[in-house]
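So the structure is just underneath, and the comments pick up after that.
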Amino acid sequence: MVTISERFDSLGFDGTPARLGIMGGTFDPIHIGHLACAEQVWQQLGLDGVLFVPTGRPPFKAHRNVSPGEDRLAMCALAIADNQHFDVSSIEIDRPGPTYTIDTLRALRAYYPPWVEFSFITGADALENILRWHEREELASLASFVGVTRPGTVLEPSFFEELRASGFSVELIEVTALALSSSYLRDRVAQDKTIRYLTRTAVIKYIIEQGLYHD
Ligand code: NAP
C-alpha cells in the first residue's frame, strides 16, 4: 500500500541515511520551469529523490479558483513519470482543511526513519513569507529550506539573517532562468495560444482533454 509515494516509500528503511527533496507548490499547471528546477536542485544537493507535493487548499489563495487537486496531481504524475528520481505524493490533496506545510512535514517525519532528512524546495519569492507560515518554530525544526532563484534575483541579506535567527536552515540555489509561471501558461490556454514546449506533452493533452483554464 502506498503511504507517501510509490517510489520513495522504502527510502531509509535499510538503515542508510538519505535526503529527500520536497517540492511544494500549487502546480496549476506544472511546467518545465518546475521540472528543470527540481532536477538541478536534485543534482546540486545530491538528493536521493525529489517528491512533488501539490498543495491541497492553499490558505493564501482564497482569491482565485485553484484547479481541483485531482487535476493538479494527475498533471504532476504525468510530468514526472519518466524520471526515476522524481515522484509525486497526494498527501496534501488527500488531507481535509487548509493546507499547511507543517502538517505535511509532520506526516513525513512520522513515516520516515530519523536518518532521512527533508529539504523543502520552493520559489524564493514563496519563501519570503515563511515567517508568516503556520507554527514556524516547529517548521524550522523539521526540514531545511531551499529557495530557488533565477540569475539576477536580489534578496535582502537581512531577510536570511532574520530567517536564520528564527531557527531556519535556508539556502538559495540558482537555477537556469526560465521566465515561466503557471499563471502565464493558464493565460495562454485561456487565449487559445499554444503552450507546446512549455510543459510536457502529456500535460498539454490532459489540459485539453479536461478543458482546464478556459473560463
Ligand atoms: P506561490 O505563491 O504560488 O509561488 C510563488 C512563486 O514561486 C511563483 O513564482 C511560483 O511560480 C514559484 N514557485 C512555487 N512553487 C515552486 C517550486 N516548487 N519551485 C519553483 N518555483 C516555485 O507558491 P505556492 O505554490 O502557493 O506555495 C509554495 C509552497 O509553499 C507550497 O508547498 C505551499 O503549500 C507552501 N506554503 C505553505 C504555507 C503555510 O504552511 N502556511 C503558506 C504558503 C505557502 P509558479 O506559479 O510557476 O509555480
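Read the numbers this way: they start at 1 and go in the same order the structure lists the ligands and their atoms.
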Fill in the blank from the handout: Between I30 and T199 the two heavy atoms that sit nearest each other are O-OG1, 2.9 Å
Handout entry: Check: V148 N/O within less than 3.5 Å of ligand 1 N/O
Key = no
Handout entry: Flag if over 12 foreign heavy atoms under 6.0 Å of CD, Q43
Key = no
Handout entry: NZ/NE/NH1/NH2 to OD/OE distance under 4.0 Å, K193 and D187
Key = no
Exercise for the section: Would you indicate which of Y184, W133, F145, F52 comes nearest to atom 38 (C) of ligand 1 when only heavy atoms are counted? Expected result: W133
Practice task
Specify whether F120 and F145 have parallel, tilted or perpendicular ring planes, treating 30° as the upper limit for parallel and 60° as the lower limit for perpendicular.
Solution key: tilted
Handout entry: G25-ligand 1 polar pair, N/O distance under 3.5 Å
Key = yes
Practice task
For G24, counting its heavy atoms only, list the atoms of ligand 1 lying under 4.0 Å from any of them.
Solution key: 15 (N), 16 (C), 17 (C), 18 (N), 28 (C), 29 (C), 31 (C), 32 (O)
Problem - I121 contact mode with ligand 1 (heavy-atom cut-off under 4.0 Å) - result: backbone
Exercise for the section: Could you label the plane-to-plane angle of the H134 and Y100 rings as parallel, tilted or perpendicular, counting under 30° as parallel and over 60° as perpendicular? Expected result: parallel
Problem - Best match, R57, H134, H31, E92: closest heavy atom to atom 41 (N) of ligand 1 - result: H134
Handout entry: Those atoms of ligand 1 less than 4.0 Å from some heavy atom in F120
Key = 32 (O)
Handout entry: Donor on one side chain, acceptor on other, T26 and D28, under 3.5 Å
Key = no
Exercise for the section: Going by heavy-atom distance to atom 29 (C) of ligand 1, choose the closest among L185, T122, I22. Expected result: T122
Handout entry: Nitrogen or oxygen of T99 less than 3.5 angstrom from that of ligand 1
Key = no
Exercise for the section: List every atom of ligand 1 that sits less than 4.0 Å from any heavy atom of T55, numbering the atoms from 1 in the order shown and giving each element. Expected result: 31 (C), 32 (O), 33 (C), 34 (O)
Completion exercise
ligand 1 to S181, heavy atom cutoff 4.0 Å, flagged ligand atoms 47 (O)
Practice task
State the atoms of ligand 1, each with its element, that fall below the 4.0 Å cut-off from a heavy-atom position in H34.
Solution key: 45 (P), 47 (O), 48 (O)
Practice task
Using distance alone, determine whether S182 and ligand 1 share an N or O pair under 3.5 Å.
Solution key: yes
Handout entry: Pick from T101, L105, V66, T26: the one approaching atom 37 (C) of ligand 1 most closely through a non-hydrogen atom
Key = T101
Practice task
May I ask you to say whether R106 pairs ionically with E135, meaning some side-chain N is under 4.0 Å from a carboxylate O?
Solution key: yes
Problem - Greater than 12 external heavy atoms within 6.0 Å of E128's CD - result: yes
Handout entry: Side chains of T104 and R95, donor plus acceptor under 3.5 Å
Key = yes
